[in-house]
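Just so it is clear, the structure is predicted and the values come from calculations on it, not from any experiment. These values consider heavy atoms only, across backbone and side chains, with no hydrogens, waters or symmetry-generated copies.
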Amino acid sequence: LLLKNIGFRDEALLKTLWKQHVAKIKNKEIKKKLDFYLHMPYCKTNCNFCVYASTTMKNDGQVAAYLDTLLEQGSHFSDIFKGVKFDTFYMGGGTPSVFSTEQLDKLFSYIFSAYEFEENAELSIELNPQNVTLDKLKLLEKYKFNKISMGVQSLSSRVLKINNRMYQTKKMVEDAI
């Protein structure tokens with residue numbers, strides 16, 4: 001479902017291509033450079049400047065269904081990567097922080113048990129100051145995230161209004177940081 005929604009029509013072909021690539025890494029035919037990107041396509045509101053594949057979420061059920069899809073799709077590919085470590089993990093979007101703390105825990109628990117990462121891998125995530133909580137930050141610490149990108153495009157109310165980010169305030173940003 002997810003692959004079809006983003007343009008992939010042939011999951012078998014995609015798996016075959018990844019198997020071939022990973023085999024070349026394992027056989028040292030090519031230098032290993034594997035980055036794990038996880039996309040969150042939902043935002044509470046869409047900013048006018050955004051060029052990424054994202055949409056305004058209609059309800060929390062969409063986010064829950066997307067999590068289920070990520071877990072299902074992840075299980076289709078995890079065996080391919082056994083014995084190969086990713087160099088980085090990056091979760092962007094959209095707005096990954098629209099996931100609840102419990103949903104993020106479920107997702108990261110799965111990812112970091114099903115896939116392997118280098119010991120000093122960069123583990124990075126984008127957060128929106130609107131939905132940063134202490135519990136989410138503690139969870140990121142639990143999973144050893146070492147880079148957080150905070151979505152602060154401007155503190156000018158005029159610029160924020162033009163870009164459909166009127167929910168963001170200087171105080172919200174300060175509290176999140």
Side-chain angles (χ1 to χ4, degrees), residues 1-3 5-6 18 22 25 32-47 50 52-153 155 165 167-177:
L1 174 69
L2 176 64
L3 293 174
N5 288 343
I6 62 171
W18 272 117
V22 170
I25 290 171
K32 179 191 75 78
K33 176 64 174 146
L34 284 176
D35 299 315
F36 193 116
Y37 175 72
L38 188 59
H39 186 71
M40 169 44 121
Y42 296 111
C43 296
K44 293 271 186 183
T45 60
N46 281 85
C47 302
C50 188
Y52 298 104
S54 64
T55 187
T56 301
M57 59 185 270
K58 294 177 178 75
N59 57 57
D60 291 337
Q62 285 179 300
V63 174
Y66 186 65
L67 174 60
D68 292 342
T69 301
L70 287 175
L71 297 173
E72 179 187 337
Q73 289 295 325
S75 70
H76 292 183
F77 288 87
S78 59
D79 285 347
I80 295 170
F81 295 96
K82 291 289 184 221
V84 177
K85 294 181 179 181
F86 285 87
D87 298 293
T88 65
F89 173 84
Y90 181 72
M91 187 172 181
T95 310
S97 53
V98 298
F99 277 125
S100 70
T101 304
E102 294 75 22
Q103 289 169 324
L104 285 171
D105 193 24
K106 185 175 182 180
L107 178 61
F108 296 150
S109 176
Y110 169 73
I111 287 171
F112 294 120
S113 65
Y115 295 88
E116 299 174 64
F117 293 84
E118 293 292 346
E119 184 177 332
N120 294 316
E122 179 180 289
L123 305 180
S124 182
I125 188 169
E126 292 178 14
L127 300 177
N128 185 316
Q130 182 181 27
N131 29 48
V132 171
T133 65
L134 185 56
D135 286 340
K136 285 181 186 175
L137 294 173
K138 286 180 180 179
L139 183 74
L140 295 175
E141 183 178 39
K142 170 184 168 183
Y143 288 102
K144 299 181 175 33
F145 275 75
N146 48 30
K147 184 177 178 184
I148 294 173
S149 175
M150 194 75 69
V152 180
Q153 281 65 35
L155 296 176
R165 283 182 79 91
Y167 63 84
Q168 191 174 67
T169 65
K170 183 177 179 184
K171 178 161 180 16
M172 177 191 297
V173 171
E174 290 171 346
D175 289 348
I177 290 170

side-chain contact (heavy atoms from CB on, under 4.5 Å) between Gln130 and Thr95, worked out
CA-CA 10 Å; Gln130 182 181 27; Thr95 310; over 6 Å; no
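- Inter-residue side-chain proximity for Leu107 and Phe99 is flagged as met; some heavy-atom pair is nearer than 4.5 Å.
- Atom CD in Gln73 sits 11.5 Å away from atom CG in Leu38 (nearest 0.5 Å).
- Contact check for Thr101 versus Lys138: no side-chain heavy atoms found under the 4.5 Å cut-off.
- For the pair Tyr90/Lys147, no side-chain contact is recorded, criterion being any heavy-atom separation below 4.5 Å from C-beta on.
- Separation of atoms OG (Ser124) and CG (Asp35) is listed at 11.0 Å; rounding is to 0.5 Å.
- Checked by atom type and distance alone, the side chain of Glu116 never pairs as donor or acceptor with a backbone atom of Lys82 at under 3.5 Å.
- Sparse packing is recorded around NZ of Lys106, with 12 or fewer heavy atoms of other residues, nucleotides or ligands lying under 6.0 Å away.
- A 6.0 Å sphere centred on NZ of Lys33 holds more than 12 heavy atoms belonging to other residues, nucleotides or ligands.
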Phe108/Ile125 under side-chain contact (heavy atoms from CB on, under 4.5 Å): CA gap, chis, key distance, verdict:
CA-CA 12 Å; Phe108 296 150; Ile125 188 169; 4.0 Å; yes
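- When all heavy atoms are compared, the tightest approach of Gly93 to Glu126 is N-OE1, 3.5 Å.
- Although no hydrogens or angles enter the test, the distance criterion places no donor-acceptor pair under 3.5 Å between the side chain of Lys85 and the main chain of Ala121.
- A distance of 8.0 Å separates CZ in Phe145 from CG in Leu139, rounded to the nearest 0.5 Å.
- Aromatic pair Phe86/Phe81: centroids less than 6.0 angstrom apart.
- Contact annotation: the side chain of Glu122 approaches that of Asn146 to within less than 4.5 Å [non-hydrogen atoms, C-beta and beyond].
- Residues Ser78 and Ser75 approach most closely at OG-O, 3.7 Å, considering heavy atoms.
- To the nearest 0.5 Å, atoms CZ (Phe117) and CZ (Phe89) are separated by 6.0 Å.
- For the pair Leu70/Ile111, no side-chain contact is recorded, criterion being any heavy-atom separation below 4.5 Å from C-beta on.
- Summarising the local packing, NZ of Lys144 is surrounded by 12 or fewer heavy atoms from other residues, nucleotides or ligands at distances under 6.0 Å.
- With rounding to the nearest 0.5 Å, the separation of OH in Tyr115 from CZ in Phe36 is 5.0 Å.
- Using a 4.5 Å heavy-atom cutoff, the side chains of Ile148 and Val132 are not in contact.
- Atoms OG and CG, on Ser109 and Leu104 in that order, are 12.0 Å from each other to the nearest 0.5 Å.
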